[in-house]
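Structure first, then comments.
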Protein chains: 2
Amino acid sequence: MLDDVGDLYQALADPTRRLILDELTGRDGQTLFEICGRLATKHQVGSSRQAISQHLDVLEAAGLIVTRRQGRYKFHHLDTRPLRSITERWLRSTEPTRENP
Amino acid sequence: MLDDVGDLYQALADPTRRLILDELTGRDGQTLFEICGRLATKHQVGSSRQAISQHLDVLEAAGLIVTRRQGRYKFHHLDTRPLRSITERWLRSTEPTRENP
DNA sequence: AGCATATGCAAGTCACGGCTTGCCTATCAA
DNA sequence: TTGATAGGCAAGCCGTGACTTGCATATGCT
């Protein structure tokens, strides 16, 4: 039985998606086009708009960003709460082995 | 320019590797064969010994486990310190956009 | 209405990662 | 020394995921 939070870790596995989170950390609530432009100029990311859009879908599925529609704009907001579960998962309640007293 | 800590996130991306970390959290300092056995019995992981060994290599490269050789045994110890950087990376110092005051 | 802007959908390509298979090395016990 | 145990190395298969390309939809401005 594998865990059911794979989406979160999968989302963080891609370096471009981590840069997107970085961008939203610095400036929350950006649109797709804004993110594309900033990734290109500030981080030399040459991916297409569709590629970034797909990344945003993955991040949203992981619960790391929430979106808000307003007219033809779609604003992306960061939600870092899921990240806490990562550190908390492997808190040591270690029962040492005989070889490691 | 992408980040240089990709190994950490890549290591966490695989569900079997996360289970290995779970196992070491419960009982630190296990050998490869111990981990294989416990993954099989407790978590229904049917991967081969070589597969688990490769996973351990990835986790070690990510700095999440450290190994200690003793005779023909190799003990694997958890090191959760790299995990802190994940939560800390996206701490909000947000400059809100005009659309998100 | 007509056009530009902002985003969505879908199929196809291609490289990488997880896993297996097969064989090899090293340590310890009888 | 022989056999069993613990682990390592390398090549190959194969599915998944990141990216592109092409087209479609929707909103707003003039």
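Order of the sequence lines fixes the chain letters, A, B, ..., with proteins taken first and strands second; residue numbering starts at 1 for each chain.
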Residue whose closest nucleotide on DNA chain D lies nearer the 5' end, B/T31 versus A/Q50: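 Closest to the 5' end, via its nearest nucleotide, is B/T31.
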First encountered from the 5' end of DNA chain D, between A/G71 and B/R69: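 By nearest-heavy-atom nucleotide position, the 5'-most residue is B/R69.
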If the cut-off is 4.0 Å, is [X] near the phosphate of [N], judged by side-chain N/O to OP1 or OP2?
X	N	answer
A/R49	C/dG8	no
A/K74	D/dT27	no
A/S48	D/dC19	no

Quick one: [X] [atom1] to [N] [atom2], roughly how many Å, whole number?
X	N	atom1	atom2	answer
A/Q30	C/dT7	CD	P	11 Å
A/Q10	C/dC16	CD	P	17 Å
A/L19	D/dC19	CG	P	11 Å
B/Q70	C/dC28	CD	C1'	13 Å
B/H76	D/dG7	NE2	C1'	9 Å
A/D14	C/dG17	CG	P	12 Å
A/L32	D/dA26	CG	C1'	15 Å
B/F33	C/dT27	CZ	P	16 Å

Proximal nucleotide (of D/dA18, D/dG7, D/dT20) relative to the A/S47 side chain: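 Given the options D/dA18, D/dG7, D/dT20, the side chain of A/S47 is closest to D/dT20.
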Closest to side chain of A/R72, choosing from D/dT5, D/dT27, D/dT20: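 That would be D/dT27.
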Criterion side-chain contact (heavy atoms from CB on, under 4.5 Å) on A/R38 and A/R27, from CA distance to verdict: CA-CA 10 Å; A/R38 287 175 164 248; A/R27 183 176 176 84; 3.1 Å; yes
Touch class at under 4.0 angstrom, heavy-atom based, for A/Y73 against every strand present: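 Answer is sugar-phosphate: A/Y73 comes under 4.0 Å of backbone atoms only.
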Pair B/L21-B/L59, side-chain contact (heavy atoms from CB on, under 4.5 Å): steps then yes or no: CA-CA 9 Å; B/L21 296 181; B/L59 289 171; 4.1 Å; yes
End axis versus end axis in the helix from C/dA1-D/dT30 to C/dA30-D/dT1, the angle rounded to 10°, five pairs used at each terminus: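 Here the helix ends are tilted 20° relative to one another.
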Pair B/K74-B/L32, side-chain contact (heavy atoms from CB on, under 4.5 Å): steps then yes or no: CA-CA 7 Å; B/K74 185 177 183 183; B/L32 170 59; over 6 Å; no
Positions of residues 54-61 of chain A (non-hydrogen atom under 4.0 Å from DNA chain D), listed by number: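 Correct list: A/Q54, A/H55.
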